[in-house]
Structures are given as C-alpha cells and as structure tokens.
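See structure below.
The shown structure was predicted, so the numbers you read here are calculated from the model rather than taken from an experiment.
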Amino acid sequence: MDGEPRAWTFLAPPPGDPRFDVSAPVLDSLRILLLAPDSVAQHEAVAFQLRVENMSDRVLDLYLRGRELTFDLVVRDDRETTIWRRLEGAMIPALLRLETLQPGGVLVATYVWDLRVAEGARVPPGVYHVHAELLMEETRIPTPPRTLRITPPPDPEG
Amino acid sequence: MLSVTRSMRTALLAGLIVLAACQDLQDPVAPAAPDDAPLLSSALTGQEMRALRSQAIPEVLALPQTVFGGFDDARGQFVFGVENPGVARSVQAVMSRLGASSSMYRVEVTEPIHFANTTLRTVHRPTRGGIQINYGNFVCTLGFNVDHAGGRSFITNSHCTNQQGTTGTTTYFQPTSSGTSAIATEADDPAYARNLPGCSRGKVCRMSDAARALYEPGVASDRGLIAKTTGENTGSLDVAGTFTISSQNDTNTSFSGTLHKVGRTRGWGSGNVTQSCVTVNVSGTNLQLLCQTLVQNSGVSIVQGGDSGSPVFRRLSGDDVELVGILWGGNTSGDLFVFSPLRNIQDELGSVVATAGSGNGENPPPPPVDEDDDEPSPPCVPRGRGNNCK
C-alpha cells in the first residue's frame with residue numbers, strides 16, 4: 001500500500017518549529033488544519049497531517065466517510081494545474097463513521113507522500129500548492145492551500 | 001363507472017381524506033344528499049343506500065393496496081384510490097357484493113401515502129432493502145432481505161461488520177441503537193484470501209464485499225421489497241413506496257445499461273455501467289475485490305458515505321426490479337459507485353432467495369442428502385453454489 005508511514009511520522013509538530021504553519025479557516029465550530037513542512041528534497045518523502053479540532057464548548061457529532069478518517073490531498077503547480085491527487089480514481093468504502101468530538105477534542109490522520117505522481121515519476125523541483133479535503137457524509141471540506149517547495153536532491157559528488 | 005386515472009397525493013392528505021370519509025359515516029341515517037340521486041342507482045331503497053354508504057368505504061379500504069376512499073359529492077360517486085390497476089378488480093368485487101352498480105363508484109390509481117417523516121433513516125418494520133442500519137459507531141445500508149439455509153437474514157457489506165473478513169458478533173440496529181432493540185446479528189463474513197485466482201501480489205481478495213446477518217426472532221422483515229423514495233437522482237430520502245424484487249440475477253457477472261441503487265445517504269440513484277467484471281482495489285487497504293462492476297452518472301452525486309450496502313438493481317416494468325448486486329464503494333465526487341454481483345455474493349455466502357412472494361421467512365430447501373453416507377450429517381450452513389457444508 002502506498003503511503004507507508006516512515007520512521008519520522010509524528011502526531012504533533014514540535015513546539016516552535018518554524019517549518020510548520022498552522023493557519024486554517026474556522027468552519028463554524030470545527031477547525032481543519034493541514035500540517036506539512038515548507039520544503040522537502042526531491043528524493044525524500046513528505047508527511048502530511050490532517051487535524052480536525054472542535055473549537056466550540058459543545059460536543060460535536062461528526063459523520064465521516066470510511067472506516068478511518070479519510071482525506072484527499074491535492075497538489076497543484078504554479079499554473080494551478082493539478083499534478084497529483086491522493087484519491088484520484090480511488091474506490092472508497094461508502095460507510096459512515098460517527099465520531100464524537102468533545103470540546104477541544106482533536107482527530108488526527110497522517111499520510112506520507114513519496115513525491116511520485118500516478119505514473120510513477122517523481123515531481124520535479126519547484127513550488128507547489130497543497131490542500132487537503134476531509135471527506136464527510138456528503139461533503140468534502142477543504143483546508144486552505146499551503147506552499148510546498150520541492151528542492152533538488154543533494155549533489156552526490158558534493 | 002370504473003375508470004383508472006393516475007393522481008399524485010402529498011403526505012398528510014390521507015388523514016384529511018380518511019377523516020372526511022369518516023365524517024360521511026357519522027350519521028348513517030341522514031338522508032342522501034340531493035346530488036347523490038342522479039348517479040346512485042334508483043333500484044336501491046333509501047335504507048339500502050344508507051347501508052351502502054356505511055359499508056362501502058370500510059370494506060373497500062380493508063383490501064390490500066388500497067389508499068383512500070370517500071364520496072365525491074359533486075359527481076355523486078364513491079371514489080377509491082388504489083396502488084395499482086389490479087386492485088381495481090377487488091374493489092369491483094366488493095362493491096358488486098354490496099349491491100352497487102359500476103356507475104356508483106370510480107377507482108383511481110394513485111401513489112400510496114406515507115407519514116411525512118418516513119425516510120430511509122427512520123424506523124421501518126417490517127424492514128426492507130435500502131434503509132439505514134447501525135452497528136457500533138458506523139452507519140450503513142441494509143441491502144436486501146433473504147431466505148437462506150441459515151435462516152431469515154439480510155445481506156449488507158463485509159466492511160459493515162466489526163471486523164471485515166471475519167465472522168463475528170456484530171449487532172445491528174435499525175435505524176440506530178437509540179431507543180430500539182437489535183434487529184440482527186452477523187452470521188457470515190468469509191475471510192479474504194491471497195490465493196484466489198487473479199489476486200494481485202501483496203493483496204488479499206474476495207469476490208464480493210458482502211456479509212450476512214441473521215434476524216432476531218420477532219423482527220419483521222419484508223423479503224423482496226426495496227424502499228423507493230420520491231425521486232430518482234434527487235437525493236431525496238423520503239420514502240414513497242417500494243420496489244418489488246420480482247427476479248434476481250444469479251448468473252451474470254457482466255452488466256450493461258442503466259442500474260439503480262437505494263441507500264440511506266443519497267437515496268435512489270442511477271447510472272450507466274462503465275466497466276464490468278474488473279478487479280478493484282479498496283482504497284486505504286490491502287484488500288482487492290475481483291470481478292466487480294462500476295456504474296457512473298457523471299456530475300451527479302449518487303453515492304456517499306453511508307450508502308454502503310445499497311441494493312443494486314435493474315428496473316423491469318413499473319416498480320418491478322431485478323436484483324443484481326450490492327454496492328460497497330464509490331469515488332470521492334460520488335458520481336461513480338462499485339458493486340459486487342449477486343452471483344459472487346452467493347458463491348461466497350451460499351444461495352439466497354431475495355425475491356418477493358409467499359414463503360417469507362421460510363428457508364430454502366436443505367442440501368440433498370448423500371445416499372451413500374449412512375452416517376447422519378451434522379447440522380451445517382451450506383456455502384457456495386454447490387451448497388457444500390464446511
């Protein structure tokens with residue numbers, strides 16, 4: 001299965017880590033964040049983390065698609081062309097999971113992308129824009145896009 | 001006069017119509033209204049006419065598939081609503097027995113009337129295909145009710161169990177566990193295997209994403225019925241009637257044309273077959289399903305989370321349908337769904353009877369006894385199309 005977690009997958013950014021931007025729109029009582037580093041080398045992989053937070057003081061019942069928290073990732077280039085979509089052509093089981101979020105409660109899901117597009121080629125170095133979409137009962141809730149810079153791999157000859 | 005016309009009724013009108021009919025009967029000794037006289041038979045005495053008015057509506061509405069009954073003062077006729085033209089003959093028989101001539105009444109074919117809040121997500125007893133079920137923290141759709149050698153059951157998805165690919169003790173409620181008792185318990189969910197022909201390396205496979213749940217005693221279920229909502233591809237969840245499974249496709253694994261589904265999230269949807277008998281990977285897992293069929297309606301949301309387990313069928317004539325399989329997944333936009341053919345389901349879970357008809361709740365005949373075997377066979381639940389015990 002693609003997206004096997006690597007050794008450095010994490011659940012929360014280290015406090016004060018400048019690589020992470022935690023901005024996201026507040027959707028009513030729910031805040032949905034996409035966390036990722038600002039840059040990654042082309043020969044590496046990038047870990048994305050989706051966080052769903054209950055910002056209210058009441059219990060929220062979320063109806064989410066899939067057995068596990070399911071989210072799509074969309075990567076576009078500077079011309080707004082979609083170059084990779086995690087769930088492109090995917091067949092997702094159509095069951096619904098009820099997740100009860102207490103006030104302040106957080107749901108987390110991670111995905112590691114190996115920087116390869118569907119055909120298997122690695123994405124060339126450059127600046128890209130990534131957003132996630134949380135799959136809920138009948139809607140997909142997007143996060144705002146964030147920039148991801150893919151840098152060339154280090155020169156092996158130094 | 002016996003006439004058959006179609007008319008649409010909205011919810012809640014039934015109460016008013018029946019109430020009006022009842023009010024007509026409040027004072028059976030009241031003289032007939034002047035408008036009655038031209039159309040009611042002059043051969044009936046006043047007493048006979050009053051008796052007719054007090055008997056006709058209750059007796060006709062006792063017939064199955066009648067919808068409403070009343071007296072049309074403007075035309076001086078009884079008017080009866082029925083669900084289909086076949087019922088009109090029964091109405092005619094009753095009215096003839098009561099001494100009414102055909103000019104005294106008319107029959108209209110109309111949609112059955114339901115309470116306004118009956119949806120795919122409300123309580124349904126008896127149960128039928130297409131309605132919401134709940135287990136643990138999950139919501140799915142009841143596919144279809146069946147008679148099976150293991151007992152009266154329903155079929156839903158294998159992934160709509162506590163542990164996919166393992167027969168466990170998943171307890172199902174309808175529509176939810178709030179305020180209701182369990183309706184069924186998981187009875188069969190075969191394991192996924194690596195060595196199935198066609199299974200990719202690194203995957204485990206099955207031919208269907210299907211599991212069987214055995215009904216609790218005393219839980220009423222309608223075999224051969226699928227809830228029908230008020231509109232196709234509208235997202236409506238309001239139940240307006242039922243589809244009748246008049247046949248089931250036990251043999252095909254390839255399909256074409258338009259197929260339909262009914263599920264608790266997007267309701268009644270339809271699309272065209274785009275690919276048939278293809279291998280499909282289940283997103284986010286190492287599972288693979290062999291010989292599945294894809295159905296698409298571009299740009300129209302016909303499947304979303306919760307529709308897992310939806311019965312998939314082909315419309316025949318009227319509301320008669322042929323059952324062809326069970327839906328288990330779809331793409332992110334919801335305009336494409338994938339289903340497992342009924343043939344594959346039966347290959348894994350054993351033969352089922354899903355069609356409507358008499359014998360609801362009766363099991364299919366047991367497998368044939370091996371005449372060469374003098375030892376009594378242990379009780380078993382036959383599996384596979386050969387009904388072989390394991």
Side-chain angles (χ1 to χ4, degrees), chain A residues 1-5 9 32 48 50 52 59-75 82 84-102 105 107-113 118 120 131-143, chain B residues 121 132-141 156-164 176-177 202-203 209 235 237 261 263-267 278-289 292 294 301-310 326-334 336-339:
Chain A
M1 176 174 60
D2 58 350
E4 283 294 323
T9 299
I32 303 174
F48 295 103
L50 186 76
V52 182
V59 175
L60 296 181
D61 283 336
L62 305 181
Y63 285 87
L64 306 170
R65 178 150 177 196
R67 192 177 278 272
E68 308 292 337
L69 187 65
T70 304
F71 67 99
D72 204 357
L73 286 163
V74 184
V75 177
T82 299
W84 179 75
R85 194 176 187 113
R86 176 193 175 193
L87 296 179
E88 181 72 44
M91 283 298 124
I92 306 162
L95 83 166
L96 211 53
R97 173 166 142 256
L98 171 61
E99 192 70 45
T100 300
L101 262 189
Q102 300 297 323
L107 295 175
V108 175
T110 62
Y111 184 80
V112 177
W113 181 36
H131 77 270
E133 295 176 354
L134 173 65
L135 271 61
M136 299 189 71
E137 182 173 358
E138 290 192 69
T139 62
R140 290 176 286 176
I141 301 180
T143 64
Chain B
R121 304 181 190 181
Q132 175 173 302
I133 54 175
N134 155 242
Y135 70 98
N137 282 356
F138 296 93
V139 171
C140 285
T141 295
T156 187
N157 285 147
S158 164
H159 71 255
C160 292
T161 63
N162 288 336
Q163 195 170 357
Q164 185 171 2
T176 69
S177 59
K203 303 288 187 182
D209 185 341
L237 304 178
K261 48 76 68 171
R264 62 79 67 194
T265 302
R266 292 303 298 163
V278 292
T279 296
V280 181
N281 290 323
V282 181
S283 178
T285 75
N286 67 337
L287 304 178
Q288 195 171 73
L289 285 159
Q292 310 293 290
L294 306 181
S301 180
I302 55 176
V303 58
Q304 290 292 346
D307 283 333
S308 276
S310 298
I326 195 164
L327 179 155
W328 61 262
N331 62 3
T332 55
S333 64
L336 184 149
F337 69 78
V338 54
F339 76 89

CA sep, side-chain torsions, deciding dist, call: B/L289, A/M91, side-chain contact (heavy atoms from CB on, under 4.5 Å): CA-CA 11 Å; B/L289 285 159; A/M91 283 298 124; over 6 Å; no
Let me know if A/R140 has heavy atoms under 4.5 Å from chain B in its side chain, its backbone, both or neither. side chain
What part of B/V280 gets within 4.5 angstrom of chain A, counting heavy atoms only: side chain, backbone, both, or neither? side chain
Less than 4.5 Å to any heavy atom of chain A: does that hold for the side chain of B/N331, its backbone, both, or neither? both
Could you have a look at A/L98, A/I92, A/L87 and say which one has the most heavy-atom pairs with chain B under 4.5 angstrom? A/I92
Euclidean distance, A/L95 CG relative to B/C140 SG, rounded to 0.5 Å: 4.5 Å
Quick one: list whatever passes side-chain hydrogen bond (donor to acceptor under 3.5 Å, both in side chains) with B/N137, sequence neighbours left out. none
Search all heavy atoms of A/P93 against all heavy atoms of B/S308 and return the closest pair with its distance. C-OG, 3.9 Å
What do the steps show when you test B/T332 against A/L135 for side-chain contact (heavy atoms from CB on, under 4.5 Å), and what is the final call? CA-CA 8 Å; B/T332 55; A/L135 271 61; 4.0 Å; yes
I need the B/T265 OG1 to A/L96 CG distance, nearest 0.5 Å. 5.5 Å
Considering only heavy atoms from C-beta outward, does the side chain of A/E137 approach that of B/Q304 to under 4.5 Å? no
Nearest 0.5 Å please: distance from the CD atom of A/E68 over to the OG1 atom of B/T285. 11.0 Å
Honestly, the part of B/S310 sitting under 4.5 Å from a heavy atom of chain A is neither
For B/Q292, give me all partners under side-chain hydrogen bond (donor to acceptor under 3.5 Å, both in side chains), at least two apart in sequence or on another chain. B/W328, B/S340
Here the gap from A/R67 atom CZ to B/C160 atom SG, rounded to the nearest 0.5 Å, amounts to 8.0 Å
